[in-house]
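Below, chains carry the letters A, B, ... as their sequence lines are ordered, and counting in each starts from 1. Bear in mind the structure is a predicted one, so any value in this text is a computation, not a measurement. Side-chain atoms are counted along with the backbone in the values below, which use heavy atoms only and exclude waters and symmetry mates.
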Number of protein chains: 2
Amino acid sequence: MELDERKREILYAIIENYQETGEPVGSRTISKLEKLKFSPATIRNEMADLEEMGLIVQPHTSAGRIPTDKGYRLYVDKMLAEQAKEPEKARDLPALPMQDLLSRRIDRVEEMLMKMAQILAANTNYTTMVTGPHSRKSKLKFLQLSPMDKGRILAVVVLSGDIVKNNILNLDEEIENSELMELNFILNKRLTGLSLEEINLSVIADLKNEAGTHMEVVSKVLDAVAETFSKEDSYPVYTSGAPNIFRYPELTGGDRASELISTLEEKKELGSAIGSLTSENGSKQDIQVYIGDEVPVDSMKDCSVVTATYSLGDGVQGKIGIIGPKRMNYQKVVETLKETMSHLDGIFLKTEE
Amino acid sequence: MELDERKREILYAIIENYQETGEPVGSRTISKLEKLKFSPATIRNEMADLEEMGLIVQPHTSAGRIPTDKGYRLYVDKMLAEQAKEPEKARDLPALPMQDLLSRRIDRVEEMLMKMAQILAANTNYTTMVTGPHSRKSKLKFLQLSPMDKGRILAVVVLSGDIVKNNILNLDEEIENSELMELNFILNKRLTGLSLEEINLSVIADLKNEAGTHMEVVSKVLDAVAETFSKEDSYPVYTSGAPNIFRYPELTGGDRASELISTLEEKKELGSAIGSLTSENGSKQDIQVYIGDEVPVDSMKDCSVVTATYSLGDGVQGKIGIIGPKRMNYQKVVETLKETMSHLDGIFLKTEE
DNA sequence: TGTTAGCACTCTAACCGAATGAGTGCTAAC
DNA sequence: GTTAGCACTCATTCGGTTAGAGTGCTAACA
């Protein structure tokens, strides 16, 4: 069966109508469109063909049609291809209120990402999800030991990509301030610039040798460093706009709402599932669309997810995902994400200067 | 109308039955109880009285009765009073899996609080909520400036109660390492031990005087300190177990679920509402129960909230709240919270040593 | 050969009325 | 003071009917 131009028009018309209403769309509705002034009977014939091709289905015998995953896929691929062709269409989307983010001093990247998730959620009416910055090859930038109270020190660990973690260490022994300074110096000299793999036994042995009596401190600091690295490995995830799923009845029927909200709350599973999605094609914009069953999270098989990868330079990167019903407005979501990514690039480039 | 012993027994029986089933309870059900072996007719007479007293209502004419807020209030007050009398009843609650928390090195208080919220939620099947540690009179413990890259420094601000915040500062000028160290020293000398109010213009003037050329750095650091203090003022809030509300149909009918989830996601409002709840009576355990309309959050008027205050010493404290339907198991919740608080005290005392 | 009108058919959603049953309030007897 | 009995109320359930949306098919039309 051939998918000629008219069939494609009808398919798109069905998809777009269904996006707006959420109701199965019938032949009469389509035949009223400017573009497709045929009688309902003609449309019906075409629809029967589209159904045979697996692009649309009827929920029950006497209902209108709704798109299948395959139908959406066709639609999305076409749209992405067209967007790639006309690179800057300068569509008049309502500008995202990103100025706030830009003007504010960004002291912590993660805070900004959370804020961004909120803005995206409010703007799209879908749920958003951001994985924290992450790098398989992140390196230790430096660390800083400071005395706190008797027997307690603060160890600040800074990884490449401005990932900063605090650790309060309880020591059994006490340590002089000057000794701590020296330890600080030694540790930085030995460890700065190394990745987790590079901090091996020989480095550690050297360190303990040099540290002399304060081996306990060294090993606790090393533990803290290791934990910081490994925490980096388990993608932290922020979500926003979870309640937006209630806008879409097809996502909230039965226990679905509960399951979805649970998944969003158990961010860990979510993070590793989404985080592990590799961008298959090395497109520069790096936007991926997962429709229905393509989503690698069970409770989201009725959803679509659009992801984009942001990069902080130095190999540190993370993902932004937008989760909505399969009938989400892919066009708007993809464009909003693209805009967001260029904003982000602007911010990070500015920071990098 | 007098509330005699038998009426009270019946009220409690209604409450406890309704807790289990969530269905209005009728006279037959009550009359089958060991304790209340009267005919349904007798029970009905008593129920009519209880209804007249405003302690129970029927949802519709031919239905059983459910407790009113006033009824719950009576029940809860009695229970709390009895618990106060017999201080350590050593009820055989399934021990909370707090050992994990105890044995793990706690490097960040907030992480532990989040974990605790999760455990509580899983254990009670209600939603939990924790406000981060907070103090109106917290003081600057110390701060630590470290060089990062050209023109960027890391300022770690530590407040009393081990509240640690990182700030990455972008400088217009560059600064030598040794100069930074000196600034670090000066800032600490002048600021350590001061509260937000105590860092006034005269202190700042002195500082800028002493700092000489590096006024920009000083003022940016001061900004960071101010922000850390003020962030402290806007209670951070963690929630867990939000999906548990789906277990209780009376909370999920209509748009209620959506509203509740939204409230939980917008943690700020929640935080200030809950955080501002003062403990009216200075009871040592400091457990408060808010029933229905007593809850100061609009979307939670169908819920009850039980809160407890934890304290990290030094005036730093926060609140733990358990949110559930009005028919929640107050007994279990209060006991679980008490147990949790004593665990917490154990942990913090240990840390304080 | 593509398009359209007409028609029988299907299925859902909404509505209706009767039956069911849980539970009540009241009265009168114990 | 307690209880048995009874009439009554009301939510829920179920079957049956209807209305409406939409389809598929056939036959006529251009």
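- Test A/Asp302, A/Asp293, A/Asp69, A/Thr68 against A/Lys326 for side-chain hydrogen bond (donor to acceptor under 3.5 Å, both in side chains) and you get one pass: A/Asp69.
- B/Gln19 and B/Tyr330 share no donor-acceptor pair across their side chains, judged by distance under 3.5 Å alone.
- In this structure, the CD1 atom of A/Ile43 is 11 Å from the C1' atom of C/dT3, given to the nearest Å.
- Looking only at side-chain heavy atoms (C-beta outward), B/Tyr248 and B/Met328 stay at 4.5 Å or farther from each other.
- Formation of a donor-acceptor pair under 3.5 Å by the B/Ser31 side chain with backbone atoms of B/Ser39 is not found in this model.
- Counting to the nearest Å, the P atom of D/dG1 and the NZ atom of B/Lys37 are 23 Å from each other.
- Rounded to an integer number of Å, the gap from A/Leu50 CG to D/dG22 C1' is 16 Å.
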Counting primed atoms, P, OP1 and OP2 as sugar-phosphate and everything else as base, the B/S/- map of nucleotides 11-27 of chain C against protein heavy atoms under 4.0 Å is BS---------BSBB--
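- For B/Thr336 and B/Thr124, the side-chain atoms include no donor-acceptor pair closer than 3.5 Å.
- Of the residues in residues 8-23 of chain B, none lies under 4.0 Å from DNA chain D by heavy-atom distance.
- Looking at heavy atoms from C-beta onward, B/Ile43 lies in side-chain contact with B/Met47 at the 4.5 angstrom threshold.
- Base pairing of D/dT9: its partner is C/dA22, meeting the Watson-Crick or G-U wobble criterion (both donor-acceptor distances under 3.5 Å).
- A 3.5 Å limit on both hydrogen-bonding distances identifies D/dT2 as the Watson-Crick or G-U partner of C/dA29.
- Using modelled atom types and a 3.5 Å distance limit, the side chains of A/Lys319 and A/Gln288 yield no donor-acceptor pair.
- With a 6.0 Å radius and a threshold of 12 heavy atoms from other residues, nucleotides or ligands, B/Lys35 has its NZ atom at or below the threshold.
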